[in-house]
Protein chains: 2
Amino acid sequence: MSTISKKIEIYLKLLLREAEGNMIEVQRNALAEYFECVPSQINYVLSTRFTTDRGYVIETRRGGGGFVRIKKLDLGLQQKMGKYQIDGQFHYDNYDTIFERLFEEDFLTKRESQLLKSVFGTPALSHLPDKEAGLIRENMFREVLNAVMKF
Amino acid sequence: MSTISKKIEIYLKLLLREAEGNMIEVQRNALAEYFECVPSQINYVLSTRFTTDRGYVIETRRGGGGFVRIKKLDLGLQQKMGKYQIDGQFHYDNYDTIFERLFEEDFLTKRESQLLKSVFGTPALSHLPDKEAGLIRENMFREVLNAVMKF
DNA sequence: ATTTTTCTGACTTTTATTGACCTTTGTCTT
DNA sequence: AAGACAAAGGTCAATAAAAGTCAGAAAAAT
């Protein structure tokens, strides 16, 4: 039993496989017309099947010349990054080391790791209680991992 | 899909790169005719893409021999960012713009600016009061400038 | 019979395009 | 010098061309 959503999903994934650079651009309205559905169904498909945790990144633009861009991320990278993930119990206390390791493992360039070290460094957060600062660094580090995986 | 506005933007930036002294002079009507659009669309492009925020200065003159002059500012990093520091009120909405600008000005790579945008973004500091978050961003931004200057 | 998933449409927001009308500057006539 | 006209560019509001949101209906799955 194949629903329209399923068909759209399959179609988009086909396009993705055939595309250069794991990336495609479609127009929501055109796609909806092609599949004879309402435009918002495209959003439904995107939000249920092309989610971040499945390794997709969606970017869109409204207005004249608008588009929907779907990027498929490299899962291998995600896996390899997995070991850096903060999962509640664990938290880092030495981010300098982490960023250096990320550099050595080629996830970051030298400059990138320097930049991050300076942002995470003491002066910026020094006026906060240690615990608070630690929490903020954790949150920021999560964002960093996220960003790196999207490269 | 590319819009006319986008094409005009690209064209002007191309001219700028090839021009002496980071400055070009065009005629609004001629440009509009070349791109087969109404003259006021040129103003639209200028006001949405060649803004002060992005480091451009527009001067115009009406009447016979009128022109539109577009200057790309090429100040040092210090001067450019000094502007943001002087008014002090770094509005955090603006950090995206700042990092994009730093990328456009070749102080940061695309990736670096993406990284920084994600670190400065809402999620990382969302649990803090706005004022506190603003202060932290300011401090971190100072560190970023410092690091960039050492590159 | 419920719960979950899919589908739909009304309403919103963002970005781009167009055109009617306005202002400034330069030049030509008288 | 004044006025008329031409040759620029400016403004703003209306419209068009996208995509987003969200709640409720319908269909499918359990």
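All values below were derived from every heavy atom in this structure, side-chain atoms included, with hydrogens, water molecules and symmetry-related copies excluded. Residue numbers begin at 1 in each chain, while the letters A, B, ... track the order of the sequences. Keep in mind the model is a prediction, meaning the values are calculated, not measured.
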Write down the distance between [atom1] ([X]) and [atom2] ([N]), rounded to a whole number of angstrom.
| X | N | atom1 | atom2 | answer |
| --- | --- | --- | --- | --- |
| B:I70 | D:dG9 | CD1 | C1' | 14 Å |
| B:F50 | D:dG10 | CZ | P | 14 Å |
| A:I8 | C:dC7 | CD1 | P | 7 Å |
| A:L46 | C:dT6 | CG | P | 13 Å |
| B:R28 | C:dT18 | CZ | C1' | 12 Å |

Hey, what are the protein-to-nucleotides 15-17 of chain C N/O distances that come in under 3.5 Å?
from, atom 1, to, atom 2, distance (Å)
C:dT15, O2, A:G64, N, 3.4
C:dA16, OP1, B:R49, NH2, 3.2
C:dA16, OP2, B:Y44, OH, 2.7
C:dA16, OP2, B:R49, NH1, 3.2
C:dA16, O5', B:Y44, OH, 3.4
C:dT17, OP1, B:I4, N, 3.0
C:dT17, OP2, B:S5, N, 3.1
C:dT17, OP2, B:S5, OG, 2.4
C:dT17, OP2, B:Q41, NE2, 2.2
C:dT17, O5', B:Q41, NE2, 3.2

Regarding B:E143 and A:K117, does a basic nitrogen lie under 4.0 Å from an acidic carboxylate oxygen? no
For a 4.5 angstrom cut-off between non-hydrogen side-chain atoms, does B:L116 reach B:M140? no
Considering only heavy atoms from C-beta outward, does the side chain of A:I4 approach that of A:I8 to under 4.5 Å?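 With C-beta onward as the side chain, the pair touches.
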I want to check one thing: is the phosphate of D:dA18, taken as OP1 and OP2, less than 4.0 Å away from some side-chain N or O of A:N29?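 False: A:N29 side-chain N/O out of range (4.0 Å or more) of D:dA18 OP1/OP2.
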Does OP1 or OP2 of D:dG20 have a side-chain N or O of A:T60 closer than 4.0 Å? yes
Walk me through whether B:R101 and B:E104 qualify under salt bridge (charged side-chain N to carboxylate O under 4.0 Å, His left out). CA-CA 5 Å; B:R101 170 105 184 263; B:E104 275 183 24; over 6 Å; no
Measure the CG-CZ distance between A:N146 and A:F151 for me, rounded to the nearest 0.5 Å. 11.0 Å
Nearest-0.5 Å distance, OH of residue B:Y34 to CD of residue B:Q27: 15.5 Å
Measure from the side-chain heavy atoms of B:Q27 and tell me the nearest of D:dA8, C:dG9, D:dA19.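 So the nucleotide nearest the side chain must be D:dA8.
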Does any N or O donor sit under 3.5 Å from an N or O acceptor when you compare the side chain of A:S40 with the base of D:dG20?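 Answer is no: no donor-acceptor pair is held.
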